[in-house]
Amino acid sequence: MTESPRPASTRAPRMSADELLAVRPWNYPFWQFVRCAAPALAAGNTVVLKHADNVPQCALAVEAGAPEGLRGTLLIEVERVAGVIADPRIAAVSLTGWPRAGAAVAARTAATLKKQVLELGGSDPFVVLADADVARAAATTVASRFVNAGQSCVNAKRFLGEEPVADEFVAVFVQGAQALVMGHPARAERTRTVLSG
């Protein structure tokens, strides 16, 4: 008779990073904070929030409603973030933003041997193959391109279509984009909201 293998352990050791600096972008200001801070706070760490300069009221609202463990919100210029990273109380940095900001954070955290998480967006192509349902592909790309008024790092930005469907795809995509009604969120007829950044 063979013995059954021992079940794998599901216990994870607590490895605290102590204090995390969360550098968050302007779009989706509440979600971006929650996505970063929830696992850190759940692990017993603390978080210092540095939101984008153009959403200070969102940052303060996050601070007012945040659970214990949020140390505070830094309403500082981007140029001062390097000094915060150098602070010995900061053990790790999480940044969601542009590649240029990511390069600056990576250089600073490397110089101080601190952990980092960098989410720098992307622009993977949306590929439409010759056997695709062109109307469905175009509707999906219109929705993907214009969600959050088109101001998100995960929005589709580059469209590649195989030659047999490329012209049809472009025509249906343009028709779908032209049908969008931009406007104030309170206007019932609008299909997309205009944002500023």
Side-chain angles (χ1 to χ4, degrees), residues 12-126 143-158 182 184-185 192-197:
R14 183 176 179 276
M15 299 176 71
S16 173
D18 298 329
E19 194 139 290
L20 169 73
L21 172 61
V23 182
R24 307 287 80 195
W26 64 269
N27 59 348
Y28 305 108
F30 298 106
W31 167 244
Q32 288 288 353
F33 169 73
V34 170
R35 184 175 70 90
C36 169
L41 295 172
N45 301 308
T46 57
V47 177
V48 175
L49 174 62
K50 163 48 181 119
H51 242 316
D53 296 342
N54 60 341
V55 289
Q57 295 303 316
C58 292
L60 294 173
V62 164
E63 181 178 37
E68 188 175 327
L70 177 64
R71 289 270 198 221
T73 298
L74 302 176
L75 299 176
I76 61 172
E77 297 80 20
V78 171
E79 296 77 23
R80 294 183 55 198
V81 172
V84 176
I85 294 171
D87 188 301
R89 293 171 291 183
I90 299 295
V93 180
S94 173
L95 169 98
T96 297
W98 293 102
R100 191 177 86 202
V105 167
R108 193 66 188 158
T109 53
T112 55
L113 295 176
K114 294 184 180 183
K115 295 178 175 95
Q116 60 176 296
V117 174
L118 304 175
E119 192 273 295
L120 305 178
S123 189
D124 294 336
F126 188 106
S144 175
R145 179 64 202 120
F146 294 99
V147 71
N148 200 42
Q151 299 178 15
S152 176
C153 59
V154 297
N155 288 68
K157 296 172 191 70
R158 297 184 298 139
M182 300 292 188
H184 190 280
R192 291 289 179 259
T193 302
V194 176
L195 299 177
S196 62

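Everything numeric here is computed off the predicted structure, so don't read it as measured data.
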**Student:** Where do V34 and P39 come nearest, in terms of heavy atoms and distance?
**Tutor:**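 Looks like O-CD, 4.2 Å.
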**Student:** Does any pair with a residue in residues 66-78 pass side chain to side chain donor-acceptor pair (under 3.5 Å), and if so which ones, sequence neighbours excluded?
**Tutor:**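 Sorted pair list: E19-R71.
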**Student:** Test of understanding: with side-chain contact (heavy atoms from CB on, under 4.5 Å), list the residues that count as partners of L70, not counting sequence neighbours.
**Tutor:**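 Expected list: F33, V47, L49, V62, E63, A66.
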**Student:** With no hydrogens and no angle check, is any side-chain donor or acceptor of H51 less than 3.5 Å from a backbone partner on P29?
**Tutor:**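 Confirmed, H51 side chain pairs with P29 backbone.
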**Student:** Quick one: pull up OG in S94 and NZ in K115 and give me the separation to the nearest 0.5 Å.
**Tutor:**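 That separation rounds to 13.5 Å.
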**Student:** Looking at every non-hydrogen atom in both residues, tell me the closest pair between P125 and R158 and how far apart they are.
**Tutor:**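 Closest heavy-atom pair between P125 and R158: CD-NH2, 3.1 Å.
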**Student:** Taking distance alone, no hydrogens or angles, what donor-acceptor pairs closer than 3.5 Å link side-chain atoms of residues 80-87 to residues at least two apart or in another chain?
**Tutor:**
unit_1	atom_1	unit_2	atom_2	d
D87	OD1	R89	N	2.7
D87	OD1	R89	NE	3.0
D87	OD2	R89	NE	3.4
D87	OD2	R89	NH2	2.7

**Student:** Looking at C36 and L20, what are the two nearest heavy atoms and their distance?
**Tutor:**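 Between these two residues, the closest heavy atoms are SG-CD2, 3.8 Å.
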**Student:** Under the side chain to side chain donor-acceptor pair (under 3.5 Å) definition, can you give me all pairs with a residue in residues 96-114, not counting sequence neighbours?
**Tutor:**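 Those involving residues 96-114 are R24-T96, R35-T96, T109-Q116.
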**Student:** For P88, enumerate each residue passing the side-chain contact (heavy atoms from CB on, under 4.5 Å) test, keeping only those at least two apart in sequence or located in another chain.
**Tutor:**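 side-chain contact (heavy atoms from CB on, under 4.5 Å) list for P88, sorted by chain: empty.
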**Student:** Mind checking what makes salt bridge (charged side-chain N to carboxylate O under 4.0 Å, His left out) contact with K50, not counting sequence neighbours?
**Tutor:**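 K50: salt bridge (charged side-chain N to carboxylate O under 4.0 Å, His left out) contacts with D53.
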**Student:** Would you please name every residue forming a side-chain contact (heavy atoms from CB on, under 4.5 Å) with A101, sequence neighbours left out?
**Tutor:**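 A101: side-chain contact (heavy atoms from CB on, under 4.5 Å) contacts with L95.
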**Student:** Please report the closest heavy-atom contact between L75 and A59, naming both atoms and the distance.
**Tutor:**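 Distance-wise, the nearest heavy atoms are CD2-CB, 4.5 Å.
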